[in-house]
Enquirer: 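Would you mind keeping the following structure in view while I ask a few things?
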Amino acid sequence: MINWNNLDTLEAFKELKETPLVDLNKVMSGEAGAERVKTYNIPMAEGLNYNFAAKKVDDTTLKALEKLATEAELSDKFAALYNGEVVNTGENRLVLHHMTRGQLGEAVNADGVDKRTFYTTQQKRIAEFADKVHNGAITNGAGEKFTTVVQIGIGGSDLGPRAMYIALENWAKKNNSFKMEAHFISNVDPDDASAVLTSIDVAHSLFILVSKSGTTLETLTNESFVKNALKEAGLDPAKHMIAVTSETSPLAKSDDYLDAFYMDDYIGGRFSSTSSVGGAVLSLAFGPDVFADFLEGASAEDKLALNKDVLKNPAMLDALIGVYERNVLGYECTAVLPYSQGLSRFPAHLQQLDMESNGKSVNRFNEPVNYPTGPVIFGEPGTNGQHSFYQLLHQGTNIVPLQFIGFKNSQLENDVTIQDSTSQQKLCANVAAQIVAFACGKDDNNPNKTFKGGRPSSIITGDKLTPKSLGALLSHFENKVMFQGFLWNINSFDQEGVQLGKVLAKRVLAHDTDGALKVYSQMLGI
Ligand SMILES: O=P(O)(O)OC[C@H]1O[C@H](O)[C@H](O)[C@@H](O)[C@@H]1O
């Protein structure tokens with residue numbers, strides 16, 4: 001029997017609150033600082049490393065966090081999840097996204113099928129379909145090859161796949177794996193679909209309609225938008241469109257599509273990049289082997305999340321330190337700062353992953369929690385962010401914990417040496433400099449030029465952003481979010497908070513409004 005208890009009822013949490021505060025400026029200075037950077041480092045999968053030297057923890061804090069992990073039964077809760085218990089209590093569903101990339105525990109049967117077999121069958125079907133598109137066995141109505149793929153979807157059916165596509169586009173071009181250019185239409189703003197449709201060769205484009213529920217207003221509207229454009233071009237929409245959805249959705253088994261690939265209700269949208277939702281677009285864009293490597297990376301990192309030893313489990317440690325920062329140190333935000341242009345949309349994906357999962361005020365039993373839960377997540381790639389919001393991060397009144405990501409090598413390996421260093425070296429020099437500047441600060445006679453320091457960060461480092469290391473990176477954050485949900489005793493797998501706005505928008509469109517809603521609607525011309 002697993003005990004699902006609120007964080008503030010745990011003895012280990014009370015002990016954690018009493019651990020002495022770590023003076024980051026001090027511990028990160030001099031030789032001690034150098035030693036810390038070497039020791040507070042955990043290997044991840046696919047050559048990545050999680051380094052937490054610049055976090056406000058020491059061996060005493062780490063011991064307390066280990067105790068907390070044990071008392072909160074984090075490993076047992078993870079095991080319950082991958083062995084098919086109903087962990088998504090809000091929607092009465094299993095949570096099986098790990099199974100899209102491996103089997104961590106027992107076989108799970110649901111809806112009369114073995115779920116691992118279900119997911120791998122979909123992967124195989126997508127791989128066969130993608131191969132046929134690439135070799136010209138599947139073509140447009142005129143018998144010509146498709147050159148472009150366009151994903152229509154929003155939220156989890158857009159952000160993860162888009163971020164993963166952007167992350168691998170340059171790598172694929174460099175490694176002869178670039179098969180088809182991908183575009184994405186998500187916003188119901190008509191300018192989004194229009195801009196994409198005018199920038200592509202519609203006659204040679206294959207559209208993927210992605211919606212788990214098959215009922216999302218934006219996505220269905222954009223589907224009609226695209227169908228109109230196809231018809232206006234004299235093309236048959238059914239020959240240009242495939243669907244990715246759940247078998248129970250209204251889109252399943254429809255004649256409107258060339259083919260359909262499935263996911264299910266046991267995979268939350270924001271956890272669906274490794275399911276058919278990411279699989280279709282990534283296999284078409286880069287080939288099924290690249291998608292398989294991406295899954296392999298995620299699977300390798302998932303295995304590390306099984307480790308009961310917190311110091312060998314980077315996702316669990318990252319989660320625990322995050323809870324320490326949120327619930328003991330009182331920090332409200334976390335910034336994700338990848339020093340990698342390929343990861344330019346990764347922070348946007350993490351915004352949904354983290355905030356839609358852990359932005360909750362009631363626990364798993366619908367009782368209010370009286371402690372803070374998920375932080376506000378935001379980010380931009382470095383060095384761009386340095387010239388934008390880092391001023392507040394360095395000298396603002398809020399302390400924002402930072403999650404850096406950096407790679408030794410660029411993806412295209414096309415570089416120049418200017419003023420004795422390459423661009424890649426300049427990029428990496430900046431991330432190293434930032435960590436130390438944030439942690440140690442700098443005194444100055446002029447208060448306006450003083451950096452107080454004491455601003456914590458961690459960094460995930462790697463050799464290069466590849467399909468495998470990207471998979472590992474994605475898994476790390478998915479598992480971090482999951483472990484934090486366990487610590488806060490909330491259900492990270494539903495999202496009731498998005499419903500009210502949808503209901504009110506429908507009322508506006510039906511002209512069923514009064515009060516403030518009526519005036520705002522009129523103001524906006526509806
Ligand atoms: O894939 P769909 O069913 O179309 O859902 C798309 C998105 O819309 C919803 O509003 C949820 O907030 C997201 O979690 C979901 O990813």
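Both counts, for ligands and for their atoms, begin at 1 and track the order of listing. Numbers for residues simply follow the sequence, beginning at 1.
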Enquirer: Do Thr219 and ligand 1 have an N or O pair less than 3.5 Å apart?
Expert: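 Between Thr219 and ligand 1, no N or O pair is found under 3.5 Å apart.
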Enquirer: Scan Trp171, Tyr165, Phe294, Phe291 and name whichever one has a ring pair (Phe, Tyr, Trp, His ring centres under 6.0 Å) with Phe286.
Expert: Tyr165
Enquirer: Give me the nearest non-hydrogen protein atom to atom 16 (O) of ligand 1 as residue plus atom name, then the distance to 0.1 Å.
Expert: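 I find the closest protein heavy atom is Gly156 N, 2.8 Å.
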Enquirer: State the NE2-CG distance between His349 and Asp158, to the nearest 0.5 angstrom.
Expert: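 Between atom NE2 of His349 and atom CG of Asp158 there are 11.0 Å.
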Enquirer: Measuring from Lys303:NZ to Asn313:CG, what's the distance to the nearest 0.5 Å?
Expert: 14.5 Å
Enquirer: So, for Phe78 and Phe483, is the gap between ring centers shorter than 6.0 Å?
Expert: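 Yes, close enough.
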Enquirer: For Glu218, state whether at least one heavy atom is located under 4.0 Å from any atom of ligand 1.
Expert: no
Enquirer: Quick check: does Ser211 get an N/O under 3.5 Å from an N/O on ligand 1?
Expert: yes
Enquirer: Going by the atom numbers of ligand 1, which of them fall below 4.0 Å from some non-hydrogen atom of Val498?
Expert: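 Result: 10 (O), 12 (O).
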Enquirer: I'd like to know whether the aromatic ring centres of Tyr262 and Phe118 sit less than 6.0 Å apart in this structure.
Expert: no
Enquirer: Note the single closest protein heavy atom to atom 5 (O) of ligand 1, along with its residue, its atom name and the distance in Å.
Expert: Thr216 OG1, 3.5 Å
Enquirer: Would you kindly say whether Gln122 and Ser276 are connected by a side-chain donor-acceptor distance under 3.5 Å?
Expert: no
Enquirer: Which residue from Arg270, Lys502, Gln495, Met263 reaches closest to atom 10 (O) of ligand 1 through any of its heavy atoms?
Expert: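 Comparing heavy atoms across Arg270, Lys502, Gln495, Met263, the nearest one to atom 10 (O) of ligand 1 lies in Lys502.
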Enquirer: Which of the numbered atoms in ligand 1 are under 4.0 angstrom from any heavy atom belonging to Gln352?
Expert: 13 (C), 14 (O), 16 (O)
Enquirer: What protein heavy atom is closest to atom 12 (O) of ligand 1, reported as residue, atom name and distance in Å?
Expert: Glu356 OE2, 2.6 Å
Enquirer: Give the atom numbers and elements of ligand 1 that come within less than 4.0 Å of a heavy atom of Ile154.
Expert: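 That gives atoms 6 (C), 7 (C) of ligand 1.
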Enquirer: Are there over 12 heavy-atom neighbours, none belonging to Tyr371, within less than 6.0 Å of that residue's OH?
Expert: yes
